[in-house]
Amino acid sequence: MKYVDEFRDRETAQALAALIKTEVRPVRTYRLMEFCGGHTHAIFRFGIIDLMPDNLQFVHGPGCPVCVLPAGRIEAAIKLAEENDVILCSYADLMRVPTGKRDSLHKAKARGADIRMIYSPTDALNIARNNPDKQVVFFAIGFETTTPPTAAVLKTASAMQLTNFSVYCNHVQTPPAMAHILSAGDAKIDGILGPSHVSTIIGSHAYADCCKQYQMPLVIAGFEPLDVIQSTLMLVRQINEGRSDVENQYTRLVTASGNTKAQALMDEVFELRPLFEWRGLGQLPDSALRIKLEYGDFDAEKRFDMQEIRSADIKGCICPAVLSGISNPDACVLFGTACTPEEPKGACMVSSEGACAAYYAYGRHR
Amino acid sequence: MSRLDIKNGVIEMAHGSGGRASATLIEELFIRHLDNDLLRRGNDASAFEVKAGRMVISTDAHVVSPLFFPGGDIGSLSVHGTINDVATSGAVPLYLSASFILEEGFPLADLDRIVTSMAKASRDAGVPVITGDTKVVERGKGDGVFISTTGIGLLPEGIHISAERAEPGDAIILSGFIGDHGVAILSSREGLEFGTSMVSDSTALHTLVAAMVEAVPDIHCLRDPTRGGLATTLNEMARQSAVGIHIKEEKIPIRIEVKAACELLGLDPLYIANEGKMVCICPEASAETLLTVMQQHPQGLNAAIIGAVTEDDRHLVVMQTAFGGQRVVDWLAGEQLPRIC
C-alpha cells in the first residue's frame, strides 16, 4: 500500500536495528520514553521491541488522551447525561473507561442515558441540528490533535446561533505534561520519542524550552514502525554524543512552527485553565483549556452548572505510575488478573492507545 | 383476498396477526419468491426423506445495519451464513428454515427486495427454504427486519471435523482475502460513509468444503471467520483444542483497499468480519494437497497456508509480523472502535 508499506519495510527496519545494536554502548542503559500511546502500540503491534538490544528499554508516557482524563470528569458527564435529559456525544474510546465507582459511559448508556458514539465533532453538531428539541453536549477530550476540530465546531455553532449545542471541554496540552514528568525526575529517562500528530499542530519549537531546561534529548517521531526505529537511532546518537536537542524525524508532516492556522483557531476559542487534574499526574497548572467567555454560551460546564467531582482511582491500580513512566504495566498486581480488557480497572487497559492494553493485547507471549 | 401493495405499502401489525393479512403476505411475498414443493404445501412442519447416517443442524440470527450493503443484503446473508455454518462440519446442506421479525412500518418494497435476494441465494446454492415464520413487532421495537435461519445437512461418512481436533504440527489454511465484508459494511454505515470499491464477500461455501473433504477427509477443523474476524476464530480454535497457534502476517491475504480503510479508521483487519471465508486446520502432510484443491475452486482462488498449530499451555495466537517481530493476536475486547488520534 503506497505511503504505508514504505514505512514498514522489513529490510530497512533490520538495517536500522543493526545500526542501533552497533551504536549502543554496552556499559550503559538507554531508557527512552515514547510520549504517545500511538508509539507504544506501534512498538508492540509490529514487534519493534524484539529488534532492540537488551540495554535499550521503552518507557511509556502519558500521551493517551483517554488515559489521562480523571475519572471525576467522566462521572460528571454521566451525571449530566442521566440528570439533564441531554444527548451526550463521545468518542468511542472513552465509552468503556471505568470511573472510581466502576461505572462507565457504556454502562450509563445501557441504563438508558442517551449517549452516542461519534467519529468527529461535526457528527455531534449534526445531531444537534437534527434534534432541535434536545440539548446536545459534545464530550471533548484529547491533546492538541483533537482540539482544533472542537474549536471549529464551536465557531460553526456560534455562527449558526445554535441554542441546543454545547461542549464539555477537557482538552489538555502536551508541553506542560512533559515538563511535569521531567521536573519530577521519577521516570529516570534518557531521551524522549516526541509526539507525532500533536507536533503537526504545535510544531517542533514547542518542546525547545522544556528540553533545554532539563537537558533532555527529544526526537519527534512518526507513528509508523520505521519512524519509531529511525527516531530511536537518532536518540541513541544524541545520548552518545551528549546532546540534548529537539530533532525532527517526522519531517514529512511536522514543521518548526506547526500548523499556525489551527493554532490561531484554538487561541480564538480557548484559553488556559489555571489548574486541571490529570489522571496519574495530578493537578497541573496551565495544562488544559477551557472555552473563552466569547463562546461561553456553548460551554456545557456553565450551561448545566456542572460541578467538579473528585473520584478516587481503583485501589491497587498503578495507572498513575504507568502514565508517568515510572512503572511498566506488567509491574501491576492487577495486570492480566483483576484488570483485563474485558474487565478494566484502569483507563490504560481500555484505550486503544493505553500502555496496559498494548502489553496485554500484543505482549503476553514474552 | 386483498392484494399486497408491494410498491407503496408497509408492514402493519395485521401482517403478523395470523389472519387474512398474514396469509396474503406469506402467499404474495414469501412463497412467491422462495417457492418450492415443500414450502408450497403450507404446513407448519415440512416432512422430507433422509438417508441413514449422521445429520447436522445449525442456526443463526441475522441483524445487520445497514440492511442493504455493497455485495449483498440481510436476505442473502441469512442464507449464506447458515449454509456456511452447516458446511463447517463437512456436511452437505439440504434445507433451510427462515423466521422473520418485521417492524411495523417497514416498507414492503424493501422486504420484497430482501426476500428476492434470499431466494436467489438459496436457488444458487441449491438449498431450499422449506419452512418459515413471520412475526411483526410494534414500530420502534425492531430494527426493520431480523432474520433467523436454521440449516440441516447430511454428513458424509468418515468426516469428523471439530474445533477441538487441532494438533501441534497441523497446518492452518485460509481460503482467501479477509476483511472484505466488514469494510463494505462500514463504508456504507451512516456517519462513516467513505468512498471504496469494496463489496462484501458474502457467499455460500458448501461446494468448496465438499471439494475439500473429498480430497482430505481427515480435515481436523473448519470455521468461517465471521464476527470478530480471523483473530477471533483462531483464538476459539486454540482454546477449544488446547493448543497454541503461530501465524505469519505476510502470508495472510488482505486486499489493499481493506488495508487502506483499516489504516484510515485505526482498525485491525484481523478482527474484521468475513462472510465468505473458511479457516481450515489439517495435518501438515495433507496441507499442500488441500491448498491445491482449494485454489482450483472459484471460492478458494486466493487460499494460502498462513501458519501452524503449536504446543502452548496458554493457548495464545502469536503472529510473526511482516516487520520481523512477534506479537500476540488477542481476543477482541468489546467492540473494535476507531481510535481518537
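A note on names: the letters A, B, ... follow the listed sequences, proteins ahead of strands, and every chain is numbered from 1.
- Of the atoms belonging to Phe46(A), heavy atoms from both backbone and side chain fall under 4.5 Å from chain B.
- Between atom CD1 of residue Ile256(B) and atom CG of residue Asp5(A) there is a gap of 6.5 Å, rounded to the nearest 0.5 Å.
- For a residue to count as touching a neighbouring chain, one of its non-hydrogen atoms must lie under 4.5 Å from one of that chain's; by this rule Asn126(A) does not touch chain B.
- Contact annotation for Ile229(A): only side-chain heavy atoms (C-beta onward) come within less than 4.5 Å of a heavy atom of chain B.
- Pairing each heavy atom of Phe323(B) with each of Phe7(A), the nearest pair is CE1-O, 4.5 Å.
- Within a 6.0 Å sphere centred on CZ of Arg139(B), other residues, nucleotides and ligands contribute 12 heavy atoms or fewer.
- Annotation: salt bridge (charged side-chain N to carboxylate O under 4.0 Å, His left out) contacts involving residues 308-325 of chain B, sequence neighbours excluded, are absent.
- Residue Glu144(A): no heavy atom, backbone or side chain, is found under 4.5 Å from chain B.
- Every disulfide bond (SG atoms under 2.5 Å apart) that Cys64(A) has, sequence neighbours left out, goes to Cys67(A).
- Between chain B and the residues Ile48(A), Leu226(A), Thr340(A), the most heavy-atom pairs under 4.5 angstrom are made by Leu226(A).
- Contact of Glu250(B) with chain A is made through the side chain alone, with heavy-atom distances under 4.5 Å.
- Chain B is approached within less than 4.5 Å, heavy atom to heavy atom, by Ala13(A) from residues 12-20 of chain A, ordered by number.
- Enclosure of atom NZ in Lys21(A) by more than 12 non-hydrogen atoms of other residues, nucleotides or ligands within 6.0 angstrom is indicated.
- Expressed to the nearest 0.5 Å, how far CZ of Arg10(A) lies from OG1 of Thr321(B) amounts to 7.0 Å.
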Acceptor/donor pairs from residues 257-266 of chain B side chains to any protein atom, 3.5 angstrom cut, sequence neighbours excluded:
{"residue": "Glu263(B)", "atom": "OE1", "partner": "Arg8(A)", "partner atom": "NH2", "Å": "3.0"}
{"residue": "Glu263(B)", "atom": "OE2", "partner": "Arg8(A)", "partner atom": "NH1", "Å": "2.8"}
{"residue": "Glu263(B)", "atom": "OE2", "partner": "Arg8(A)", "partner atom": "NH2", "Å": "2.6"}

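- Among Gly47(A), Ala361(A), Ser120(A), the residue making the largest number of heavy-atom pairs under 4.5 Å with chain B is Ala361(A).
- Separating the CZ atom in Arg327(B) from the NE2 atom in His41(A) is a distance of 11.0 Å, to the nearest 0.5 Å.
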